[in-house]
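Just below is one structure, and these are the notes that go with it.
Throughout, protein chains are lettered first and strands after them, A, B, ... in sequence-line order, and every chain is numbered starting at 1.
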Protein chains: 2
Amino acid sequence: MRKTFLFMDTVLNKVDAKGRVSLPSDYRAIVKESESEIVCYRSLCAPCIEGCLEDLLEKLASEMEDSLDFFSQKQDDLTNLIFGDAKRYPFDSTGRIMLSEKLLKHAQITDSAVFVGKGRKFQIWNPENWEKEEQRIRTEVLKNRPSLKGAGNES
Amino acid sequence: MRKTFLFMDTVLNKVDAKGRVSLPSDYRAIVKESESEIVCYRSLCAPCIEGCLEDLLEKLASEMEDSLDFFSQKQDDLTNLIFGDAKRYPFDSTGRIMLSEKLLKHAQITDSAVFVGKGRKFQIWNPENWEKEEQRIRTEVLKNRPSLKGAGNES
DNA sequence: TGGTATAACATGGGAAAACATGGGAATCAA
DNA sequence: TTGATTCCCATGTTTTCCCATGTTATACCA
């Protein structure tokens, strides 16, 4: 079976004047092993940047490629939004990617950014915004705790 | 696994007096790697130009002839329209393609154009029109958000 | 165990290459 | 010839690449 790749951990890095950020080294290892590339886009539902391996989008494209849906309006809209926003972000020899103005603005990132692992994907946040978001999520999860199953909460 | 070819990102380029536009460099890379060519045609459902690799139309054609009962008369008609309109658009040594008067008129493009990635396809818009269209799509998609899957919207 | 050497990493800055774009000469067609 | 199309060169800008430095983490040894 193929090795699985999970983006994990939370890492704070600086963003320099050119918009460059070091990709966490764990993430870089994943990219190298998977022989794919990092793709980033503006999250549809939060003020943050979302990233994943290009493989994930490739899967999406293949599903839509079916000529039965060649003329579907709804899929048309969806592909415009996703692929129109997404872009490859290869890292240089020192491990940095260069985030575009558009992404930085959407996530309100200026001089530092937090990488948050999410399994197959990861997010990049403005540090203060992430702090608030994490609080919100923790509160939310605790509220719904009784309904959580199979995630090691039995005892 | 095959290397992935995805048209992505949104790029604004100028159209000069001769009708020349630089094809975004990412797109050029795809064309070179795929050893195919760019094909453009008037979009059937929007005031924009649509483009893809010739491979994709090739695939569409094959599926049409293989599955006689599979496709409705309506889709057959739509496909005919596309093939009747489509044409190769090779780029020169500086990476520019020359859009025809017909295409430019259909998309109301004069002195600048926006390339919008759609995965296997891409679109070329008049900048103002695209701005409105993007707004429309965002509104539309967010309205239907619960139904989105595998497109990075879980959180 | 403590301390030091070594390697990996994050970060800054400058050089080099790639890119978008304008213009003109050469080529071709009506 | 006229108009259009292709090819080539020039230029300013952006992006990418490469080297240097300080810091942190890891390995090693006494």
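For A/Lys18 against C/dG14, a side-chain-to-base donor-acceptor contact under 3.5 Å is present.
Of all nucleotides listed (C/dT21, D/dT15, C/dT11), C/dT21 comes nearest to the side chain of B/Arg96. When distances run from any side-chain atom of A/Met98 to the nucleotides D/dT6, D/dT15, D/dC18, the shortest one goes to D/dT15. Of all nucleotides listed (C/dG22, D/dC17, C/dA20), C/dA20 comes nearest to the side chain of B/Asn13.
Look at A/Lys132 and A/Glu128 and you find no salt bridge, because none of the NZ, NE, NH1 or NH2 atoms lies under 4.0 Å from a carboxylate O.
Heavy atoms of A/Ser22 sit under 4.0 angstrom from at least one base atom. Residue contacts shown for A/Asp16 are limited to sugar-phosphate atoms, with no base heavy atom under 4.0 Å away.
Residue A/Ser25 has a polar side-chain atom (N or O) positioned under 4.0 Å from OP1 or OP2 of C/dC9. OP1 or OP2 of C/dA20 has at least one side-chain nitrogen or oxygen of B/Arg28 nearer than 4.0 Å.
How far CG of A/Leu23 is from CD1 of A/Ile97: 5.0 Å, rounded to the nearest 0.5 Å.
Of the two residues near DNA chain C, B/Pro24 and B/Arg20, the one whose nearest nucleotide lies more 5' is B/Pro24. Checking A/Pro90 against A/Thr94, the closest nucleotide of DNA chain D that is more toward the 5' end is the one next to A/Pro90.
Between A/Glu50 and the options A/Lys87, A/Lys121, A/Arg120, a salt bridge (charged side-chain N to carboxylate O under 4.0 Å, His left out) holds for only A/Lys121.
Between its opening and closing five pairs, the helix from C/dT1-D/dA30 to C/dA30-D/dT1 changes axis direction by 40°, a value rounded to 10 degrees.
Put simply, CD1 on B/Ile97 is 15 Å from P on D/dC7, counting in whole angstrom units.
No side-chain heavy atom of B/Pro47 sits less than 4.5 Å from a side-chain heavy atom of B/Asn126. Contact annotation: the side chain of A/Ser22 never approaches that of A/Phe91 to less than 4.5 Å [non-hydrogen atoms, C-beta and beyond].
The aromatic rings of A/Phe122 and A/Phe115 are tilted relative to each other, their planes meeting at an angle between 30° and 60°.
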